[in-house]
Amino acid sequence: MGMNKLEVLKKTFGYDSFRPGQEELIDGILAGRDVLGIMPTGAGKSLCYQVPALLLPGVSVVVSPLISLMKDQVQALNAAGVHAAFLNSSLTENQIQKAIALAARGRYKIIYVAPERLMTPRFQWLSHEIGISMLCVDEAHCISQWGQDFRPSYLAISDYIASLPERPCVCAFTATATAQVREDIVRALSLRDPLVKITGFDRKNLYWSVEKPKNKTDFCLSYVRKHEGESGIIYCSTRKNVDRLYGILRDERIPAGRYHAGMEQEERVRSQDDFIYDNISVMVATNAFGMGIDKSNVRYVIHYNMPASIENYYQEAGRAGRDGERAECILLYSPQDTLINRMMLENKSGNEQMTPEEARTVHDQDEIRLSRMEHYCVGFSCLRNEILSYFGEPVTEPCGNCGNCSREYTERDCTKEANAALSLISSIPGRYGQNLIAAALHGSKTKRIEETGLDTKPCYGALSSLSEAEIRDLLIQFTDLGILERSEDQYGLFFPGPRAQEVRDGEKVACRFELQAEESTERPSPRRKKASASSETTVLTPEGNELFAKLRSLRFLLARQRSIPPYLVFSDRTLTQMCIALPRTKEELLALPGVGEKNLASYGNRFLEEIGTYLSDYAKAHDGARPQTTG
Ligand code: ADP
Ligand code: MG
């Protein structure tokens with residue numbers, strides 16, 4: 001074909017530059033190496049194998065577990081002018097027959113296949129008939145028993161590789177990063193000296209915040225109203241909450257849909273399609289919603305309840321802003337959430353196949369995940385850094401673009417409380433985690449406290465004027481301040497920290513507290529000290545927004561005519577860029593991010609016309625002036 005990777009990126013996918021990690025992984029594959037890419041959801045893993053697939057000779061086979069995902073990807077590739085097909089149980093025998101026949105004649109560059117199909121005689125025949133230059137395993141964590149989503153059918157992949165006349169380059173991608181799962185993938189796929197790349201957990205366009213509104217429903221209502229016309233997801237922990245909130249939004253005439261596992265399959269599919277095709281703007285859902293959905297213009301994800309871990313949270317919230325435009329991830333926290341989550345952990349019935357020790361370990365792991373999640377909700381340090389350090393990426397300065405970096409606090413002297421915590425913990429370093437320590441400082445008289453003898457230790461009951469939850473919050477702040485330290489294992493045991501001695505020597509300790517302002521109920525978007533420079537996205541003026549709305553309607557129309565999701569026409573980001581650059585010619589349009597030759601040819605003229613009309617209407621109404629679309 002004679003194109004290089006940058007040309008493919010631009011011409012086929014319409015992007016100007018690679019995202020972090022993509023280029024290295026692509027280079028690795030092109031150099032014939034096995035690779036393992038660990039990047040969060042939305043980071044752009046598909047491109048890492050699609051670009052080399054188009055550059056390598058022969059065919060690339062992509063193994064993927066999700067039928068809907070395969071369909072979407074193939075649809076998107078076809079829309080970009082790439083010949084691709086999928087083989088899975090959603091096709092009839094006849095369709096499969098046809099696809100295989102076409103594949104054998106070299107019609108496709110990329111074939112998506114469900115793992116169950118790999119060893120079928122027909123696919124085996126096909127694999128020997130055509131030259132397979134790359135085998136890609138998407139959602140590779142499915143091969144590991146340690147992952148959240150083990151699929152035994154994935155174990156057939158290594159048999160498949162072995163069955164091929166020539167071993168292709170093998171690449172694997174996942175968003176799950178634990179060391180255990182990583183090792184499992186390398187072993188189970190017998191990757192040869194793979195290039196391993198972990199990257200991209202920082203999503204600069206996402207604004208993270210934790211809100212503690214008095215009434216979560218009111219918060220959602222006013223937020224959704226303020227963001228009218230934007231796509232957003234509201235995650236609730238239970239079906240009941242979903243149904244209730246959905247009912248309230250509908251009563252308020254907000255175009256909302258709902259999704260949970262208790263609904264009929266047909267209704268779920270309809271609801272999901274309505275959301276993807278922008279017929280509704282708000283989706284209220286349990287975590288059953290979102291797997292494999294690549295809707296790029298989700299502008300906000302609100303969590304009505306705290307999830308059980310940061311992994312879960314990041315996965316769900318990360319569905320916002322896949323197009324790289326600014327989007328908000330808001331978690332609505334109340335202490336109740338912690339209690340409910342804890343209760344669910346206690347009642348979680350262990351798997352019968354587990355030994356008591358294994359069950360115990362799993363339970364402890366769940367506990368520590370939950371307490372890290374709680375830490376995220378009640379802590380005062382930079383939220384972005386909390387997430388990055390959780391996933392093992394190095395952090396430096398506070399980001400300046402999250403709820404905690406822009407929140408206003410009051411500070412209070414907590415020297416006495418710090419000293420009490422220190423003297424208790426110094427008497428029993430590394431013995432207990434936050435719940436017992438908080439209970440002891442509070443002076444609780446539970447059986448567990450008696451058993452451990454904590455009621456005989458210094459400062460037992462010294463903070464009886466505070467609730468255990470308040471003490472837990474303080475322990476978290478003391479940890480952030482380096483006065484205390486916690487073990488990194490699943491137990492999170494407390495030790496005196498590097499700054500303990502200074503505090504014992506009389507240094508004052510100040511802790512931060514939420515402003516107890518009235519507004520905190522009516523505060524849909526946090527009062528910001530002006531979002532800082534690190535947000536790279538652009539803000540449109542009212543004129544810009546007007547044009548944006550027109551372009552969005554046009555996009556909706558064109559997508560509907562072709563029965564494809566609107567974001568496949570142009571992304572939100574591209575529409576925004578059109579509003580800023582106000583292109584008049586095809587060349588100017590092509591220069592914008594997200595515009596490739598294919599979508600330029602299909603839709604370019606319509607958008608240029610729309611922009612032209614807007615400009616001339618504006619000029620007529622304003623003495624020939626040009627609108628100021630960006631601030
Ligand atoms: P993942 O599989 O990692 O969850 P995807 O491969 O589905 O993510 O990509 C998420 C989104 O990011 C898609 O809309 C994709 O088109 C977009 N994307 C990927 N790479 C780039 C890039 N280099 N520039 C701009 N957008 C990109
Ligand atoms: Mg993916």
Side-chain angles (χ1 to χ4, degrees), residues 19 39-44 175 200-213 216 219-220 222-224 226-227 230-237 245 275 281-287 289-291 293-334 337 369 372-391 393 395 398-407 523-528 531-532 534-537 572-573:
R19 289 192 181 153
M39 296 154 86
T41 306
F201 282 84
D202 190 9
R203 306 260 315 270
K204 290 201 165 50
N205 62 315
L206 298 188
Y207 178 89
W208 302 91
S209 96
V210 176
E211 298 292 325
K212 296 156 188 139
K216 292 181 175 182
F219 181 98
C220 291
S222 92
Y223 187 94
V224 165
K226 273 207 174 150
H227 294 257
E230 294 180 7
S231 284
I233 305 173
I234 305 179
Y235 278 111
C236 301
S237 61
L245 187 62
F275 185 62
S281 51
V282 189
M283 178 61 102
V284 187
T286 61
N287 60 10
F289 177 73
M291 249 305 231
I293 288 175
D294 178 20
K295 178 174 165 66
S296 74
N297 64 337
V298 175
R299 295 271 67 85
Y300 59 87
V301 173
I302 297 177
H303 276 72
Y304 198 89
N305 303 102
M306 180 181 80
S309 70
I310 293 189
E311 284 97 333
N312 292 355
Y313 181 56
Y314 191 87
Q315 172 89 23
E316 289 158 20
R319 296 191 175 118
R322 279 170 160 239
D323 52 10
E325 280 299 293
R326 187 184 156 95
E328 302 198 335
C329 306
I330 301 173
L331 198 162
L332 306 184
Y333 176 77
S334 72
D337 291 333
R369 284 202 200 100
R372 290 295 297 261
M373 187 72 247
E374 192 186 2
H375 190 143
Y376 178 86
C377 293
V378 304
F380 282 81
S381 41
C382 169
L383 292 174
R384 188 178 311 276
N385 288 353
E386 281 288 313
I387 291 172
L388 293 182
S389 56
Y390 185 83
F391 288 112
E393 279 201 50
V395 300
C399 73
N401 184 33
C402 73
N404 278 0
C405 284
S406 49
R407 183 161 282 149
R523 208 182 47 177
S525 45
R527 282 171 300 155
R528 286 178 198 130
S532 83
S534 72
S535 134
E536 32 169 53
T537 52
D572 277 14
R573 158 166 244 174

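Every value quoted in this text rests on a predicted model; they were computed, and no experiment measured them.
- A donor-acceptor distance shorter than 3.5 angstrom exists from the side chain of Asn205 to the backbone of Glu325, with no hydrogens or angles considered.
- Although no hydrogens or angles enter the test, the distance criterion places a donor-acceptor pair under 3.5 Å between the side chain of Asn305 and the main chain of Ser237.
- Here the OH atom belonging to Tyr207 is positioned 11.0 Å from the SG atom belonging to Cys329, to the nearest 0.5 angstrom.
- With rounding to the nearest 0.5 Å, the separation of NZ in Lys212 from CG in Leu331 is 10.0 Å.
- Using a distance-only test at 3.5 Å, with no hydrogens or angles considered, a donor-acceptor pair links the side chain of Asn404 to the main chain of Gly379.
- Within the 4.5 Å cutoff, the side chain of Trp208 has no heavy atoms near those of the Cys399 side chain.
- Put simply, the side chain of Ile234 reaches to within 4.5 Å of the side chain of Leu245, judged on heavy atoms.
- In this structure, OH in Tyr223 is found 3.5 Å from CD in Glu328, a value given to the nearest 0.5 Å.
- Side-chain atoms of Tyr390 never come within 3.5 Å of backbone atoms of Met373 as a donor-acceptor pair (strictly under, hydrogens ignored).
- The distance from the CZ atom of Arg319 to the OH atom of Tyr235 is 4.0 Å, given to the nearest 0.5 Å.
- The heavy-atom pair separating Cys405 from Gly400 by the smallest distance is SG-N, 3.3 Å.
- The backbone N or O of Pro40 lies less than 3.5 Å from no partner atom in the side chain of Arg203, so there is not a single donor-acceptor pair.
- The shortest side-chain heavy-atom distance between Tyr300 and Val282 falls under the 4.5 Å cut-off.
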Can you check side-chain contact (heavy atoms from CB on, under 4.5 Å) on Tyr313 and Arg372, steps first, answer last? CA-CA 11 Å; Tyr313 181 56; Arg372 290 295 297 261; over 6 Å; no
What do the steps show when you test Phe275 against Val298 for side-chain contact (heavy atoms from CB on, under 4.5 Å), and what is the final call? CA-CA 10 Å; Phe275 185 62; Val298 175; 4.2 Å; yes
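- Residues Cys220 and Ile302 share a closest heavy-atom pair of SG-CG2, 4.3 Å.
- Between Tyr376 and Val210, some side-chain heavy-atom pair lies under the 4.5 Å cut-off.
- Looking at every heavy atom in both residues, Arg19 comes nearest to Arg322 through NH2-O, 3.1 Å.
- How far CD of Glu386 is from CD1 of Ile310: 6.5 Å, rounded to the nearest 0.5 Å.
- Pairing each heavy atom of Ser281 with each of Glu230, the nearest pair is CB-O, 3.3 Å.
- In this structure, Glu374 CD and Ser309 OG are separated by 13.5 Å, a value rounded to the nearest 0.5 Å.
- Here the shortest heavy-atom pairing between Asp337 and Met306 reads OD2-N, 3.5 Å.
- A side-chain donor-acceptor contact under 3.5 Å links Arg299 to the backbone of Arg326.
- Among all heavy-atom pairs drawn from Leu383 and Ser209, the shortest one is CD1-CA, 3.6 Å.
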